[in-house]
Amino acid sequence: MIGSGAAFPPVDVTAHRLRFATDPATCVRWPASFGRRFLVTVDVEEEFDWSRPFSGAARQVAAVAALPAWHVAMRDRGVAPVYVVDHPVATDPAAAALIAPLLTDGSEAGAQLHPWVNPPQVEVPGELASFAGNLPESVEAAKIDELFGALTAAFGRAPRLYRAGRYGLGPATLRLLAGRGIAVDASMRARFDYRDHGGPDFTGVDGAAFRTVDGVIELPLSVVYTGLLHRAGRWLHPVATRVSRGGGVLARTGLLSRVPLTPEGTPLPDAVRAIRRAARDGARLLQLAFHSPSLVPGNTPYVRDAADLAHFHRWWGGVLDALERHGFAPVTLDEVIRAV
């Protein structure tokens, strides 16, 4: 393993553009007692301008101060979020001190790797390098080790869940995680394709949890096809989105929509329909997620002002009601691991 102070030769970044797909033979067979469940994960990260180039200097973490109040509201509904923490947050004493008291009653800290702000910073920041899996294996491994060390120092426990920032899995990532004791990876965003940006393709991932060849359990972020043609979504949506405004036409006509279960960009009625569809299709575990800077107006495109923030909180109330109505109960990460 390479320490954060080691010297590297010039780093070549390779856009692997991997394609992932769900193999039914590897899907987790949940016990009947598990029922229908949902897990909430939060990308706890620095505030950065999403429209500007990646910068290693973007390490401000003031929005973390809004997490405790949101956490209380979730705990009142029985939800134990997993806080997927990146390096700027883990190494900021004030931010870590705000998060540490939240890690009780089933909540815990996972790891999220933003390579552009995670030592060793030996690569030139840019879009390709923002997917950690595009970096040389030795560099990716060194960044993971630095991150895990920071999290263990901050919270007294090694992480059990990992997320690659920007869903940037590479050919070595899952093997590296398995060798470091990670039980669950949550880096795959079902139904999305990031190859045009140099990242992986997850259009073949359907959202069900599955075992990887390295022994890590993959828990994709939930994305649901809805509409009259939802059963054809796996092949039809990728085809339609290659045509100008094709995906929008399908959505507006009620034929087919791709709905991520997140308050960031997904209207509440769409999310409610997606939860109903998931229940009808027999989904056993859903994962909902968002980025912590959205808790403070002005940090993300999704929460620009106080009105957006009020809508954000209403979204959670409506979604939690819908999950309960359709038989999905909250689950902790520990319960997921033990059920597997």
Side-chain angles (χ1 to χ4, degrees), residues 38-52 58 60-86 88-89 95 98-99 101-103 106-107 109-110 112 114 163 165-167 186 189-192 220-224 226 251 257-278 286-326 328-331:
F38 71 92
L39 182 71
V40 175
T41 57
V42 184
D43 289 6
V44 185
E45 60 192 34
E46 73 285 354
E47 299 99 63
F48 60 93
D49 187 335
W50 294 29
S51 66
R52 294 179 63 82
Q60 182 174 331
V61 295
V64 171
L67 266 181
W70 179 84
H71 178 88
V72 169
M74 292 297 103
R75 291 304 301 162
D76 287 346
R77 297 294 300 265
V79 178
V82 177
Y83 294 107
V84 193
V85 179
D86 76 353
V89 176
L98 285 168
I99 294 168
L102 312 182
L103 307 181
S107 286
Q112 182 193 188
H114 279 187
R163 173 168 297 144
R166 307 198 76 214
Y167 322 109
R189 194 182 194 197
R191 313 302 195 188
F192 275 76
L221 285 88
S222 294
V223 179
V224 181
T226 64
S257 294
R258 182 184 63 182
V259 184
L261 289 184
T262 173
E264 297 174 325
T266 298
L268 176 59
D270 290 359
V272 170
R273 280 192 291 271
I275 291 165
R276 182 173 64 243
R277 179 77 268 159
L286 300 176
Q287 182 187 177
L288 294 77
F290 72 97
H291 303 82
S292 64
S294 286
L295 289 169
V296 176
N299 286 320
T300 71
Y302 310 108
V303 180
R304 296 158 297 179
D305 51 32
D308 284 348
L309 183 60
H311 177 76
F312 177 96
H313 290 302
R314 285 195 299 272
W315 189 95
W316 279 107
V319 160
L320 293 176
D321 288 344
L323 288 164
E324 182 178 1
R325 189 162 58 248
H326 292 288
F328 290 96
V331 70

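Remember, predicted model here, so these are calculated numbers, not experimental data.
- Side-chain atoms of Glu47 come within 3.5 Å of backbone N or O of Ala63 as a donor-acceptor pair.
- Phe328 contributes atom CZ, which lies 4.5 Å from atom CG of Leu286 (distance to the nearest 0.5 angstrom).
- Contact of the Leu98 side chain with the Leu67 side chain is not registered, since no non-hydrogen atoms from C-beta on lie closer than 4.5 Å.
- Shown here are the side chain to side chain donor-acceptor pair (under 3.5 Å) partners of Thr300, two or more places apart in sequence or in another chain: Ser294.
- The two residues Thr226 and Ala274 make their nearest non-hydrogen contact at CG2-CA, 3.7 Å.
- Residues Phe38 and Val319 form no side-chain contact, since every pair of their non-hydrogen atoms from C-beta on lies 4.5 Å or further apart.
- Leu221 contributes atom CG, which lies 13.5 Å from atom CZ of Arg191 (distance to the nearest 0.5 angstrom).
- The CZ atom of Arg276 sits 6.0 Å away from atom NE2 of His326, with the distance rounded to the nearest 0.5 Å.
- Listed here is the closest heavy atom pair of Pro81 and Ser107: O-OG, 3.0 Å.
- When all heavy atoms are compared, the tightest approach of Val272 to Ala322 is CG2-CB, 4.0 Å.
- In plain terms, the two heavy atoms of Ala95 and Val61 that are nearest each other are CB-CG2, 3.9 Å.
- Residues Val224 and Arg273 fail the side-chain proximity criterion, which asks for heavy atoms closer than 4.5 Å.
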List the atom pairs, donor and acceptor, that lie under 3.5 Å between side-chain atoms in residues 304-315 and the rest of the protein, sequence neighbours left out.
from	atom 1	to	atom 2	distance (Å)
Arg304	NE	Asp308	OD2	3.0
Arg304	NH2	Asp308	OD2	3.4
Asp305	OD1	Ala307	N	3.2
Asp305	OD1	Asp308	N	2.9
Asp308	OD2	Arg304	N	2.9
Trp315	NE1	Thr266	O	2.9

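- For Arg77, the side chain to side chain donor-acceptor pair (under 3.5 Å) partners are Asp321, not counting sequence neighbours.
- With sequence neighbours excluded, the residues forming a side chain to side chain donor-acceptor pair (under 3.5 Å) with His71 are Tyr83, listed by chain and number.
- Side-chain atoms of Thr262 and Arg189, non-hydrogen and from C-beta on, do get closer than 4.5 Å to each other.
- Between Trp316 and Pro263, the closest side-chain pair of non-hydrogen atoms falls below 4.5 Å.
- With sequence neighbours excluded, no residue forms a side chain to side chain donor-acceptor pair (under 3.5 Å) with Arg325.
- For CD of Glu324, the number of neighbouring non-hydrogen atoms (other residues, nucleotides, ligands) closer than 6.0 Å is 12 at most.
- Residue pairs meeting the side-chain hydrogen bond (donor to acceptor under 3.5 Å, both in side chains) criterion with at least one member in residues 61-70, sequence neighbours excluded, do not occur.
- Each of Thr41, Val223, Val40 was compared with Gln287 under the side chain to side chain contact (heavy atoms under 4.5 Å, CB included) criterion, and only Thr41 meets it.
- With rounding to the nearest 0.5 Å, the separation of CZ in Arg163 from NE2 in His114 is 9.5 Å.
- For the atom pair Arg75 CZ and Leu102 CG, the distance stands at 10.5 Å (nearest 0.5 Å).
- You'll find the side chain of Leu39 reaches within 4.5 Å of the side chain of Val82, heavy atoms only.
- Taking the side chain as every heavy atom from C-beta outward, Leu288 and Leu323 approach each other to under 4.5 Å.
- Closest approach of Ala80 and Gly106 over heavy atoms only: CB-C, 3.7 Å.
- Phe290 places a side-chain heavy atom less than 4.5 Å from the side chain of Val42.
- The backbone N or O of Asp86 lies less than 3.5 Å from no partner atom in the side chain of Gln112, so there is not a single donor-acceptor pair.
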